[in-house]
A.B. asks: 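Pasting a structure below so you can have a look.
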Amino acid sequence: MVGLLIGTSETLAQAVFFNDNDLQKELNLTLLEKIKLIDLLSEDEQQALLKMIDQAISNKRMKDNLQQIITQ
């Protein structure tokens, strides 16, 4: 299952950095399809993915707060 996560990450990186339209279309899954893919992961892999998502959200909030402080 780690291979699935790594493969998905590599595909995402290719689509983002190289603007490959075919890869971008492949990544445009519905929310339900994404949840089904996450459910295929083991419990440890799911927890790792959720921690990465939480970290990204926290980083975004911190960036927004710092930007707000700077503009005041």
Side-chain angles (χ1 to χ4, degrees):
M1 294 298 161
V2 172
L4 174 67
L5 184 58
I6 291 171
T8 302
S9 298
E10 290 173 356
T11 303
L12 177 61
Q14 289 174 352
V16 170
F17 294 114
F18 300 110
N19 292 326
D20 187 336
N21 289 333
D22 292 335
L23 290 175
Q24 287 178 352
K25 289 177 186 174
E26 179 181 329
L27 293 173
N28 289 334
L29 301 174
T30 65
L31 182 58
L32 184 58
E33 290 171 327
K34 291 175 186 178
I35 292 171
K36 286 180 183 179
L37 287 175
I38 291 172
D39 283 340
L40 294 175
L41 299 173
S42 70
E43 185 66 28
D44 291 340
E45 292 168 334
Q46 288 179 5
Q47 291 303 316
L49 182 59
L50 292 176
K51 285 180 184 178
M52 289 189 301
I53 293 169
D54 286 342
Q55 184 178 8
I57 292 169
S58 296
N59 287 343
K60 173 72 170 125
R61 286 181 182 160
M62 184 174 63
K63 179 182 173 186
D64 291 345
N65 288 337
L66 289 173
Q67 186 65 35
Q68 185 180 20
I69 290 170
I70 290 171
T71 58
Q72 288 181 351

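Hydrogens, waters and symmetry mates play no part in the numbers below; they use all other heavy atoms, side chains included.
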A.B. asks: Check Met62, Lys63, Gln68 against Leu66 for a side-chain contact (heavy atoms from CB on, under 4.5 Å) and give me the one that passes.
C.D. replies: Met62
A.B. asks: By side chain to side chain contact (heavy atoms under 4.5 Å, CB included), which residues pair with Asp39, not counting sequence neighbours?
C.D. replies: Ile35, Gln46
A.B. asks: Extract all donor-acceptor atom pairs below 3.5 Å that involve side chains of residues 48-59 and protein atoms in other chains or at least two apart in sequence.
C.D. replies:
residue	atom	partner	partner atom	Å
Ser58	OG	Asp54	O	3.0
Asn59	ND2	Gln55	O	3.4

A.B. asks: My understanding is that only residues two or more places apart in sequence, or in another chain, count here; which of them pass side chain to side chain donor-acceptor pair (under 3.5 Å) with Glu43?
C.D. replies: Gln47
A.B. asks: When clusters are formed from ILVMFWY side-chain contacts under 4.5 Å, directly or step by step, what else is grouped with Ile70?
C.D. replies: none
A.B. asks: Which residues pass the side chain to side chain donor-acceptor pair (under 3.5 Å) test with Gln72, sequence neighbours left out?
C.D. replies: none
A.B. asks: Could you pull out all residues at least two apart from Asp64 that satisfy salt bridge (charged side-chain N to carboxylate O under 4.0 Å, His left out)?
C.D. replies: Lys60
